[in-house]
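Worksheet: the structure to be examined is printed underneath.
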Amino acid sequence: MTKVLEPYLQVEGVSLKLKNTVILREVSFEAFPGEAIGIIGRNGSGKSTLFKCIAGLLIPQHGEITVGKTAIVREKRFPPSFGALIEKPGFIGSLSAFENLKLLASIQGKTSESEIMESLRNVGLEHAARKAVYKFSTGMRQRLGIAQAIMERPRLLLLDEASSGLDDGGFAMLHNIVLTLKAHGVTILLTSHIKEDILTLSDHVYKMENGVLSAMKGGV
């Protein structure tokens, strides 16, 4: 008998209001292992807020978010095994790229120094591993943010405007990372206000407008 694949992420009727302003309106979708879900929308449409809810950083007033077997809203927990790049990555400028990632890795203590270097190599920053981050260009900081998101080998990866600030080589790097992680069964969510980015990388595409999420016909 063929085993039915279950979604790794389920978002069901999620609504969020902040300061009397509705940010998310009855958002529902699901994502399976090995899928990349793309969300297109203008800045301020609710994309980053949705990611913060999935990451457990914001708790919506209504609905549920389930990652694996964990009910994020009801249990008020972070998802198990997830990595995220949400909005602009923040790093300590006086520390090197390697030192920043090592400091972040120490929180959970499950990533070795060799795995940190592998993440830097995957984003093309191995040559700058010992360089102070304050000397980094915008594109290099973005690459470091992607390295931070993938270094703990997450099962769920949230990439919010990950291609922002990247050059053509950076976009090719991001494309390769997404394809590789999908092949290893990682569930990936991507946002961008640039439609072409999402269409290139995603299996299914949604549009976010004024906090309402709707499927785009045809997808990719």
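Counting from 1, the numbers follow the sequence of the chain as shown. If you're wondering where the values come from, they're calculated on a predicted model, not measured in any experiment.
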**OP:** Calculate, to the nearest 0.5 Å, the distance between atoms NZ and NZ belonging to Lys195 and Lys207 respectively.
**Re:** 8.5 Å
Original post:
Within the distance-only criterion (no hydrogens, no angle test), does the side chain of Thr187 pair as donor or acceptor with the backbone N or O of Tyr8 below 3.5 angstrom?
Top reply: no
Subject >> Min side-chain heavy-atom separation Ile39-Ile198 under 4.5 Å >> reply: no
**OP:** Compare every heavy atom of Leu158 with every heavy atom of Ala55, then report the nearest pair and how far apart it is.
**Re:** CB-CD1, 4.1 Å
Subject >> Check: Arg42 and Glu209 side chains under 4.5 Å, non-hydrogen atoms >> reply: yes
Subject >> Salt bridge present between Glu161 and Lys47 (N-O < 4.0 angstrom) >> reply: yes
Original post:
Hey, does the Lys NZ or Arg CZ of Arg155 hover above the aromatic six-ring of Phe82, less than 6.0 Å from the centre and inside 45° of the axis?
Top reply: no
**OP:** May I ask you to decide if Met117's main-chain N or O and Glu126's side chain share a donor-acceptor pair within less than 3.5 Å?
**Re:** no
Subject >> Side chain to side chain, Leu16 and Leu18, heavy atoms closer than 4.5 Å >> reply: yes
Original post:
How long is the span from the CD atom in Glu6 to the OG1 atom in Thr66, to the nearest 0.5 Å?
Top reply: 11.5 Å
Subject >> salt_bridge(Lys131, Glu99) N-O dist < 4.0 Å >> reply: no
Original post:
Is the NZ atom of Lys17 crowded by more than 12 outside heavy atoms at less than 6.0 Å?
Top reply: no
**OP:** Can you sort out the partners of Val212 under side chain to side chain contact (heavy atoms under 4.5 Å, CB included), two or more places apart, ordered by chain and number?
**Re:** Arg25
Below 3.5 Å, can you tabulate the donor-acceptor pairs from side chains in residues 165-179 to any protein atom, sequence neighbours excluded?
unit_1: Asp167; atom_1: OD1; unit_2: Gly169; atom_2: N; d: 3.2
unit_1: Asp167; atom_1: OD1; unit_2: Gly170; atom_2: N; d: 2.7

Subject >> Minimum heavy-atom distance Pro154-Val186, with the two atoms named >> reply: O-CG2, 3.4 Å
**OP:** Could you tell me whether the side chain of Asp160 and the main chain of Ser48 form a donor-acceptor pair under 3.5 Å?
**Re:** no
**OP:** Rounded to the nearest 0.5 Å, what's the gap from CG on Leu9 to OG1 on Thr70? Could you check?
**Re:** 11.5 Å
Original post:
Ile65 and side-chain contact (heavy atoms from CB on, under 4.5 Å): which partner among Ile59, Leu50, Ile72?
Top reply: Ile72
**OP:** List the atom of Leu120, the atom of Ala97, and the distance in Å for their closest heavy-atom pair.
**Re:** CD2-CB, 4.2 Å
Original post:
How many angstroms lie between CD1 in Ile40 and OG in Ser45, if you round to the nearest 0.5 Å?
Top reply: 10.5 Å
**OP:** Taking all non-hydrogen atoms of both residues into account, name the closest pair between Gly63 and Val73 and its distance.
**Re:** O-CG1, 3.7 Å
Original post:
Side chains of Val11 and Glu30: does their closest heavy-atom pair fall under 4.5 Å?
Top reply: no
Subject >> ILVMFWY network linking Leu104 to Ile86, side-chain heavy atoms under 4.5 angstrom >> reply: no
**OP:** Measure centre to centre between the rings of Phe29 and Tyr206, then say whether the value is under 6.0 Å.
**Re:** yes
Subject >> Euclidean distance, Leu189 CG relative to His204 NE2, rounded to 0.5 Å >> reply: 11.5 Å
**OP:** Side-chain contact test, heavy atoms from C-beta onward, threshold under 4.5 Å: evaluate it for Ile37 versus Glu35 and give yes or no.
**Re:** yes
Original post:
Shared ILVMFWY cluster between Ile146 and Leu95, side chains joined below 4.5 angstrom?
Top reply: no
**OP:** Without swapping roles, check the side chain of Gln142 against the backbone of Ala162 for a donor-acceptor pair under 3.5 Å.
**Re:** yes
Original post:
CG of Leu213 to CE of Met208: how many Å apart, nearest 0.5 Å?
Top reply: 5.0 Å
**OP:** May I ask you to decide if Met140's main-chain N or O and Ser137's side chain share a donor-acceptor pair within less than 3.5 Å?
**Re:** yes
Original post:
Is there a side-chain contact between Ile188 and Lys182 (heavy atoms, below 4.5 Å)?
Top reply: yes
Original post:
Ser119 versus Ile116: any side-chain heavy-atom pair under 4.5 Å?
Top reply: no
Original post:
Can any side-chain N or O of Ser106 pair as donor or acceptor with the backbone N or O of Leu103 at less than 3.5 Å?
Top reply: yes
Original post:
Stepwise, does the side chain to side chain contact (heavy atoms under 4.5 Å, CB included) test hold for Phe51 with Leu57?
Top reply: CA-CA 9 Å; Phe51 273 27; Leu57 300 173; over 6 Å; no
Original post:
Is there a side-chain contact between Val67 and Phe78 (heavy atoms, below 4.5 Å)?
Top reply: no
Original post:
Would you say the side-chain atoms of Gln148 pair up with the backbone N or O of Leu101, donor to acceptor, closer than 3.5 Å?
Top reply: no
Original post:
So, for Glu26 and Gly13, which heavy atoms are closest and what is the spacing to 0.1 Å?
Top reply: OE1-CA, 3.6 Å
Subject >> Intermediate values then yes/no, side chain to side chain contact (heavy atoms under 4.5 Å, CB included), Glu115 and Met151 >> reply: CA-CA 7 Å; Glu115 288 171 328; Met151 70 176 179; over 6 Å; no
Original post:
Of all heavy-atom pairs between Pro60 and Cys53, which one has the smallest distance, and what is that distance?
Top reply: CD-SG, 4.1 Å
Subject >> Donor-acceptor pair, side chain of Asn100 and main chain of Ile92, under 3.5 angstrom >> reply: yes
Original post:
Does the side chain to side chain contact (heavy atoms under 4.5 Å, CB included) test come out yes or no for Leu144 and Val133, once each step is laid out?
Top reply: CA-CA 9 Å; Leu144 185 57; Val133 170; 3.7 Å; yes
